[in-house]
Asker: 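Have a look at this one before I ask anything.
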Amino acid sequence: PGHCGGFQDKDYCIITQPHTSPEYPLLQSFTRVTPKPTMTLHQELYIAHRCSLLDDVIVRPCDSSDRDGVESTIKGIDNTDAIMSDINQFITAKRDPLEEGATPLFAFVAECQSQIVGVFVVRDERNIEWIRSHFNIEGFVYYAHHRREEHARLHHFVLNPVFSHYTKHVMREILRLARKTCLYYPVYPGYEPTEMKPYSLATCINDMIPVRPRRQIVYPLDRLKENAPLERILQKINPFALYHLNRKLTLEPKITVNARVVVVGASDVGLSFLEALSFTPHLRFNNLVLLSPNGLPGQSKEDGIVDAMLPTRFPQLGVVARWA
């Protein structure tokens with residue numbers, strides 16, 4: 001607060017520090033600015049707006065009077081039509097249409113100084129068995145401690161960057177108001193058509209935990225017959241990467257690592273190294289770079305020959321490559 005009192009005519013405070021230096025507590029109230037690929041300075045940039053010091057951010061259920069504020073908040077981002085469709089569906093019926101399964105739907109807004117600064121939409125999670133069988137989710141969740149109706153899937157999370165340091169507070173409020181304990185967020189490969197991805201890119205993804213995919217068993221169904229796994233476990237679903245957050249994880253901080261890690265060549269060793277860093281739950285690596293003329297396999301459609309040479313399904317890893 002002191003910098004605003006001393007400079008009444010200034011709106012922004014900017015801090016830079018070497019990318020090899022650890023973050024100190026003050027930076028938790030700042031927003032890190034993602035550097036451009038061509039940036040050569042050995043510095044990290046953090047910025048804070050005067051309004052980020054306001055402490056009256058509240059989260060509440062969306063209502064019909066919020067439509068104009070929601071449209072203003074999401075203006076200019078991708079998938080705005082899907083967000084407004086979900087908001088209108090929540091205001092109208094609080095659940096999806098009957099022909100789409102009538103899944104309970106929850107929509108919330110974040111408000112500061114009577115102005116909407118965030119929009120959030122979640123639905124009940126209906127594919128819990130499939131997730132448990134295809135991802136190592138039980139490393140983070142003891143399912144015996146959570147009722148089935150306490151699991152939800154995050155569809156939209158749009159929060160003004162000025163208030164990004166309130167992300168975990170907002171997510172705790174979403175869980176409390178929706179009476180949920182676990183959130184799941186899928187990330188589909190870029191080559192999937194838009195209609196297959198009814199999700200907007202969540203601004204909270206840095207505060208969620210990436211979940212490793214499981215290696216799948218090829219079941220001889222003709223032999224197993226009545227002993228075969230449930231149909232909802234065997235069903236074919238387009239591959240996606242999974243991010244997770246639960247009530248316990250909202251209280252566990254991540255350590256930010258800004259050191260630049262460059263991997264040359266998309267070999268098995270290089271990709272395994274990136275995978276190990278990306279799936280460390282208590283660390284957040286901001287500067288992972290892969291130099292490869294062909295990018296990652298997960299950025300292009302499945303190829304039987306390529307898949308046979310790789311140990312994992314990269315669309316389920318959610319690792320993003322930088323082309324060179």
Asker: Can you name the ring pair (Phe, Tyr, Trp, His ring centres under 6.0 Å) partners of Tyr143, sequence neighbours left out?
Answerer: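 Checked Tyr143 against ring pair (Phe, Tyr, Trp, His ring centres under 6.0 Å); matches are His151.
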Asker: Are Thr103 and Arg123 linked by a side-chain donor-acceptor pair shorter than 3.5 Å?
Answerer: no
Asker: Looking only at atom types and distance, does a side-chain atom of Thr73 sit under 3.5 Å from a main-chain N or O of Gly69, one as donor and one as acceptor?
Answerer: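 Confirmed, Thr73 side chain pairs with Gly69 backbone.
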Asker: So which pairs with a foot in residues 100-126 pass ring-ring contact (aromatic ring centres under 6.0 Å, His included), sequence neighbours left out?
Answerer: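 Residue pairs with at least one partner in residues 100-126: Phe120-Phe157.
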Asker: With the side chain counted from C-beta on, respond yes when Ser133 and Arg214 share a heavy-atom pair under 4.5 Å apart, and no when they do not.
Answerer: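 They are not in side-chain contact.
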Asker: Does a side chain donor of either Arg212 or Asn136 reach within less than 3.5 Å of an acceptor in the other side chain?
Answerer: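 On atom types as modelled, these side chains do not qualify, holding no pair under 3.5 Å.
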Asker: Can you tell me if Glu150 uses its side chain to pair, donor with acceptor, with the backbone of Arg147 under 3.5 Å?
Answerer: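 Yes: the side chain of Glu150 pairs with the backbone of Arg147.
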Asker: Applying side chain to side chain contact (heavy atoms under 4.5 Å, CB included), can you list everything that pairs with Lys248, at least two apart in sequence or on another chain?
Answerer: Asn246, Glu252
Asker: Identify, with sequence neighbours excluded, every residue that meets side chain to side chain donor-acceptor pair (under 3.5 Å) alongside Lys180.
Answerer: Asp124
Asker: Do His42 and Pro18 have side chains that approach each other closer than 4.5 Å (heavy atoms only, starting at C-beta)?
Answerer: no
Asker: For Asp68, does its backbone N or O pair with a side-chain atom of Ser72 as donor and acceptor, under 3.5 Å?
Answerer: no
Asker: Using the ring pair (Phe, Tyr, Trp, His ring centres under 6.0 Å) criterion, which residues pair with His282? Sequence neighbours excluded.
Answerer: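 In terms of ring pair (Phe, Tyr, Trp, His ring centres under 6.0 Å), with neighbours along the sequence ignored, His282 is linked to no residue.
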Asker: Under the rule for side chain to side chain donor-acceptor pair (under 3.5 Å), what residues qualify as partners of Tyr185, not counting sequence neighbours?
Answerer: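 With sequence neighbours excluded, Tyr185 shows a side chain to side chain donor-acceptor pair (under 3.5 Å) to no residue whatsoever.
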Asker: I'd like to check the side chain to side chain contact (heavy atoms under 4.5 Å, CB included) partners of Phe285; sequence neighbours left out, ordered by chain and number.
Answerer: Val257, Leu277, Leu283, Leu288
Asker: Is there a side-chain contact between Thr256 and Asn286 (heavy atoms, below 4.5 Å)?
Answerer: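 Result yes, sub-4.5 Å side-chain heavy-atom pair found.
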Asker: Report the relative orientation of the aromatic rings in His169 and Tyr166; use parallel for angles under 30°, tilted for 30 to 60°, perpendicular for over 60°.
Answerer: perpendicular
Asker: Where is the tightest heavy-atom contact between Tyr188 and Pro239, given as atom of each residue plus distance?
Answerer: CD2-O, 3.7 Å
Asker: So does Glu111 pair up with Arg60, basic N to acidic O under 4.0 Å?
Answerer: yes
Asker: List the residues meeting side chain to side chain donor-acceptor pair (under 3.5 Å) with Arg153, not counting sequence neighbours, and say none if there are none.
Answerer: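 With neighbours one apart ignored, the set is Glu125, Tyr199.
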Asker: Please examine the side chains of Leu45 and Ile14, heavy atoms only from C-beta on, and report whether any two atoms are closer than 4.5 Å.
Answerer: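 Of all side-chain heavy-atom pairs linking Leu45 with Ile14, at least one is under 4.5 Å.
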Asker: Between Asn287 and Glu44, do the side chains contain an N or O donor and an N or O acceptor separated by less than 3.5 Å?
Answerer: yes
Asker: Identify, with sequence neighbours excluded, every residue that meets side chain to side chain contact (heavy atoms under 4.5 Å, CB included) alongside Leu26.
Answerer: Ile15, Tyr24, Phe30
Asker: Verify whether one side chain among Gln89 and Asp96 offers a donor that lies under 3.5 Å from an acceptor in the other.
Answerer: no
Asker: Can you confirm whether Val187 sits close enough to Tyr243 that some side-chain heavy atom of one is under 4.5 Å from a side-chain heavy atom of the other?
Answerer: yes
Asker: Under the rule for ring pair (Phe, Tyr, Trp, His ring centres under 6.0 Å), what residues qualify as partners of His165, not counting sequence neighbours?
Answerer: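 In terms of ring pair (Phe, Tyr, Trp, His ring centres under 6.0 Å), with neighbours along the sequence ignored, His165 is linked to no residue.
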Asker: Below 4.5 Å, heavy atoms only, C-beta onward: do Val170 and Thr167 meet side chain to side chain?
Answerer: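 Answer no - side chains too far apart.
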Asker: So, do Phe240 and Phe135 have ring centers that fall under 6.0 Å from each other?
Answerer: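 Yes - the distance between ring centres of Phe240 and Phe135 falls below the 6.0 Å cut-off.
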Asker: Are the side chain of Ser292 and the backbone of Gly265 linked by a donor-acceptor contact shorter than 3.5 Å?
Answerer: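 Checking the backbone N and O of Gly265 against the side chain of Ser292, no donor-acceptor pair under 3.5 Å is found.
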Asker: Would you please name every residue forming a side chain to side chain donor-acceptor pair (under 3.5 Å) with Arg148, sequence neighbours left out?
Answerer: Glu129
Asker: Linking Ile, Leu, Val, Met, Phe, Trp and Tyr by side-chain heavy atoms under 4.5 Å, what else ends up with Leu105?
Answerer: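 Reading the cluster by chain and number, Leu105 sits alongside Val70, Ile74, Ile77, Ile83, Met84, Ile87, Phe90, Ile91, Val109, Ile116, Val119, Val121, Val158.
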Asker: Is the shortest side-chain heavy-atom distance between His244 and Pro210 below 4.5 Å?
Answerer: no
Asker: Using modelled atom types and a 3.5 Å cut-off, is there a donor and acceptor pairing between side-chain atoms of Ser85 and backbone atoms of Asp81?
Answerer: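 Flag not set: sc Ser85 to bb Asp81 has no pair under 3.5 Å.
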